[in-house]
Amino acid sequence: MEREVRVRFAPSPTGALHIGGVRTALYNYLLARKTGGKMILRIEDTDQNRFVPGAEDYIRRSLEWCGIELDESPWNGGPYAPYRQSERKPMYMQYALQLVNDGHAYYAFDTAEELEAMRERLKAAKVATPQYNAITRATMRNSLTMPEDEVKKLLESGAPYVIRLKVPRKEEIRLKDMIRGWVMVHSSSIDDKVLMKSDGMPTYHLANIVDDHLMKITHVIRGEEWLPSAPLHVLLYRYLGWEDTMPEFAHLPLLLKPDGNGKLSKRDGDKLGFPVFPLHWQDPFTGEISSGYREAGYLPDAFVNFLAFLGWNPGTQQEIFSMQELANEFTVERIGKSGTRFDIQKARWFNEQYLRAKPDSELAGYLLTALEEHNIDCTHEKAAKVAGLMKERVSFPQDFWKEAAYFFVAPEEYNEKVASKKWNAQSVAVFEQFKNELPTIADFNADSVKELLTTILERNGMKIGQVMQALRLAVTGAEAGPDLMQIIEIIGREETIARIETAIAKLSQYATAE
RNA sequence: GGUCCGUUCGUCUAGGGGUUAGGACACCAGAUUUUCAUUCUGGUAACAGGGGUUCGAUUCCCCUACGGACUACCA
């Protein structure tokens with residue numbers, strides 16, 4: 001019988017969760033949804049020195065924003081609680097001791113200085129990889145080299161110690177990765193990893209295996225940086241007697257910097273001109289602020305869609321996927337093997353697609369928010385109209401206000417290039433007639449306004465192309481924008497007349513230059 | 001340095017022993033438009049290199065190069 005799929009995302013609360021982490025969470029979530037399994041979040045806070053206040057909450061809010069729902073977590077509980085490793089502390093020692101009793105682990109009493117000295121010694125002896133291993137452990141202070149009663153005495157005296165895994169000297173360890181196939185590693189290249197630290201906390205290696213086992217995790221999907229230690233984890237499953245229920249592994253390709261030089265790291269932040277965090281984050285220690293995708297104006301759906309395609313694709317031509325569609329189509333097999341460079345332009349394109357797919361009434365909300373901030377009254381209906389006209393030319397919600405302010409505020413300045421090129425006495429003459437006759441229109445709308453303008457132009461023997469740019473300048477101050485007649489309809493008759501009058505007065509210097 | 005992983009247009013990728021090597025983003029050009037944008041049409045552009053295996057290799061194998069990850073009582 002197939003086990004229920006149970007996947008976990010296991011971040012460490014050491015700062016803001018960066019997009020690589022979000023993608024890992026997303027792939028886990030997608031597999032859970034696809035298979036009807038469970039998505040678990042476990043906080044890996046075994047390193048008390050690296051605790052960062054607010055980081056855990058940040059993780060929670062980030063996932064929420066992305067729409068990644070958790071079936072079990074520290075916040076909504078679950079049958080395998082607690083979901084914070086710090087709260088699971090009492091559970092780990094017994095497994096470490098089991099390993100010691102079975103001869104697969106041992107106590108070590110070496111101080112930091114002694115370890116350092118050992119590495120120095122090996123380096124001086126031109127050893128390629130100085131490590132605590134099957135050879136060097138014989139020269140160190142541990143329960144394998146020391147007399148039993150001395151070890152006992154030390155332990156009873158409360159002397160600091162760690163428990164290390166006794167990695168076999170010569171053994172080929174095989175690991176099946178869902179993305180990469182069989183990976184073979186020789187045990188001699190693995191060192192005797194610390195399992196229990198001297199502060200009584202387990203290391204990642206032990207905690208992760210114990211928790212994954214107890215939480216009945218079936219698939220471990222994590223970043224490629226874990227691949228080198230995966231064989232060690234296989235060894236642990238074996239020694240703990242859990243090999244038959246060992247989860248399947250999938251090591252995700254890394255997210256690289258846009259230049260391909262190294263993995264995208266938290267430090268890269270805004271240095272590269274785009275956010276690396278889902279949400280805005282302020283470091284509580286340094287006060288340093290990093291921008292987030294949410295604040296930059298990315299819609300969560302677009303962000304998720306973009307992220308999903310960084311290393312995965314459905315094998316079809318379809319690019320726009322809702323979370324539901326992603327969950328339906330997702331398979332681990334279709335995840336690529338090679339590192340993925342980060343391309344912010346694609347993210348922006350996704351955002352535009354999602355923005356344009358939204359109904360005008362919803363887009364109006366973005367505009368209304370900005371208008372409120374500027375103390376400008378506006379009906380929902382008008383905002384929706386403006387949004388409808390602008391949606392093809394914006395990338396982010398905040399662009400609506402940025403690009404369409406002239407719908408609400410008369411221009412203060414006029415684009416100088418257009419003014420000097422298009423503003424002349426001839427068009428001013430037309431505008432005079434135009435604004436004088438505007439009050440005669442019975443039903444004021446884009447069509448009727450255009451009709452009036454056309455009539456006047458004919459009367460003056462001119463073509464529409466000769467004045468349009470100048471008229472746009474008068475009404476909006478800008479050189480480009482949506483259909484001018486639509487703009488005029490929205491801002492209304494009085495405002496249009498006023499703006500034309502203002503422009504004629506302010507731009508008189510250009511009118512004589514003809 | 002050692003171990004491991006990787007390498008198809010600039011980027012994300014599809015494909016896979018015989019293809020005009022496909023798509024998307026970006027870029028360029030044309031069409032449309034009152035402008036910009038959108039839209040439409042078209043275009044530039046890739047199998048890292050060398051050896052094998054084979055009638056045939058971009059595809060399979062090996063080597064090299066390059067890139068990356070790891071190499072802590074961090075995760």
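The model shown is predicted, which means the values in this text are computed figures rather than measured ones.
Taking the six-membered ring where tryptophan is involved, the planes of A:Phe309 and A:Trp312 are perpendicular, since the angle between them exceeds 60° and thus also 30°. Using cut-offs of 30° and 60° for the angle between ring planes, the A:Tyr27 and A:Phe330 rings count as tilted. Aromatic ring orientation, A:Phe277 versus A:Tyr58: perpendicular (interplanar angle above 60°, classes split at 30° and 60°). Taking the six-membered ring for Trp and thresholds of 30 and 60 degrees, A:Phe342 and A:Phe306 have ring planes more than 60 degrees apart, a perpendicular arrangement.
Searching all strands for a Watson-Crick or G-U wobble partner of B:C4 with both distances below 3.5 Å returns B:G68. In this structure, B:C47 forms no base pair with any nucleotide, since neither Watson-Crick nor G-U wobble geometry is met with both distances under 3.5 Å. B:U19 makes up no base pair with any nucleotide shown, lacking Watson-Crick or G-U wobble contacts both under 3.5 Å. If you check B:A29 for Watson-Crick or wobble pairing at under 3.5 angstrom, you find it paired to B:U41. Under the Watson-Crick or G-U wobble criterion, with both distances below 3.5 Å, B:C74 is left unpaired in every strand shown.
Contacts of A:Pro482 with the nucleic acid, taken as non-hydrogen atoms under 4.0 Å apart, include base atoms. Within the nucleic acid shown, A:Arg348 has no heavy atom closer than 4.0 Å to any nucleic acid atom. Contacts of A:Lys193 with the nucleic acid, taken as non-hydrogen atoms under 4.0 Å apart, are absent. At a threshold of 4.0 angstrom between heavy atoms, the contacts of A:Gly223 with the nucleic acid are absent. Contacts of A:Arg472 with the nucleic acid, taken as non-hydrogen atoms under 4.0 Å apart, include base atoms. Residue contacts for A:Asp110: at a heavy-atom cut-off of 4.0 Å it reaches a base atom on one of the strands shown. Contact annotation for A:Met184: backbone-only contact, meaning every heavy-atom pair under 4.0 Å involves sugar-phosphate atoms and none involves a base. Contacts of A:Ser188 with the nucleic acid, taken as non-hydrogen atoms under 4.0 Å apart, are absent. Counting non-hydrogen atoms under 4.0 angstrom, A:Gly262 reaches the backbone sugars and phosphates but no base. Using a 4.0 Å heavy-atom cutoff across all strands shown, A:Gly481 reaches at least one base atom of the nucleic acid.
Counting distance only, with no hydrogens placed and no angle test, the side-chain atoms of A:Ser198 and the base atoms of B:C73 include a donor-acceptor pair under 3.5 Å. A:Lys346 contributes a side-chain N or O that forms a donor-acceptor pair with the base of B:A24 under 3.5 Å.
Note on A:Glu56 versus A:Arg84: salt bridge recorded, some NZ/NE/NH1/NH2 to OD/OE distance being below 4.0 Å.
Checking B:G1, B:U3, B:U35 against every side-chain atom of A:Ser189, the shortest atom distance belongs to B:U3. In the set B:A69, B:A75, B:A72, the nucleotide with an atom closest to the side chain of A:Leu254 is B:A69. With B:A14, B:A75, B:G6 as the choices, the nucleotide that has an atom nearest any side-chain atom of A:Tyr204 turns out to be B:A75. When distances are taken from the side chain of A:Glu392 to each of B:C12, B:A37, B:A75, the shortest belongs to B:A37. Distance from the side chain of A:Thr129 is smallest to B:G1 among B:G1, B:C25, B:C73. Between B:C5, B:G1, B:C70, one nucleotide has an atom nearer to the side chain of A:Ala128 than all others, and that is B:G1. Considering only side-chain atoms of A:Arg334, the nucleotide from B:A14, B:G23, B:C12 that sits closest is B:A14. Closest to the A:Gln317 side chain, of the nucleotides B:C70, B:G6, B:G23, is B:G23. Of all nucleotides listed (B:C12, B:A14, B:C73), B:C73 comes nearest to the side chain of A:Val162. Side-chain proximity of A:Arg180 to B:C5, B:U7, B:C73: nearest is B:C5.
Looking at heavy atoms from C-beta onward, A:Leu363 lies in side-chain contact with A:Leu355 at the 4.5 angstrom threshold.
For A:Arg356, no side-chain nitrogen or oxygen approaches OP1 or OP2 of B:U38 to under 4.0 Å. Contact annotation: A:Lys197 reaches the phosphate of B:C74 (side-chain N/O to OP1 or OP2, under 4.0 Å). Side-chain nitrogen and oxygen atoms of A:Asn313 include none within less than 4.0 Å of the OP1 or OP2 phosphate oxygen of B:U13.
In this structure, A:Trp182 places its CH2 atom 17 Å from C1' of B:C5, rounding to the nearest Å. Distance, A:His251 NE2 to B:U3 P: 20 Å, rounded to whole Å.
Nearest-nucleotide assignment on RNA chain B puts the 5′-proximal partner with A:Ile464, out of A:Ile464 and A:Glu44.
Both tests hold for A:Arg164 against A:Tyr132: distance to the six-membered ring centre under 6.0 Å, angle to the ring axis within 45°.
The separation of B:U7 from B:C12, taken at their P atoms, amounts to 12 Å, rounded to a whole angstrom.
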Distance-only donor-acceptor hits, side chain of residues 192-200 of chain A, under 3.5 Å, sequence neighbours excluded:
{"from": "A:Asp192", "atom 1": "OD1", "to": "A:Arg137", "atom 2": "NH2", "distance (Å)": "3.3"}
{"from": "A:Asp192", "atom 1": "OD1", "to": "A:Val167", "atom 2": "N", "distance (Å)": "3.2"}
{"from": "A:Asp192", "atom 1": "OD2", "to": "A:Tyr106", "atom 2": "OH", "distance (Å)": "2.5"}
{"from": "A:Asp192", "atom 1": "OD2", "to": "A:Arg137", "atom 2": "NE", "distance (Å)": "2.7"}
{"from": "A:Asp192", "atom 1": "OD2", "to": "A:Arg137", "atom 2": "NH2", "distance (Å)": "3.2"}
{"from": "A:Lys193", "atom 1": "NZ", "to": "A:Asp191", "atom 2": "OD1", "distance (Å)": "2.5"}
{"from": "A:Lys197", "atom 1": "NZ", "to": "A:Thr46", "atom 2": "O", "distance (Å)": "3.0"}
{"from": "A:Asp199", "atom 1": "OD1", "to": "A:Met201", "atom 2": "N", "distance (Å)": "2.9"}

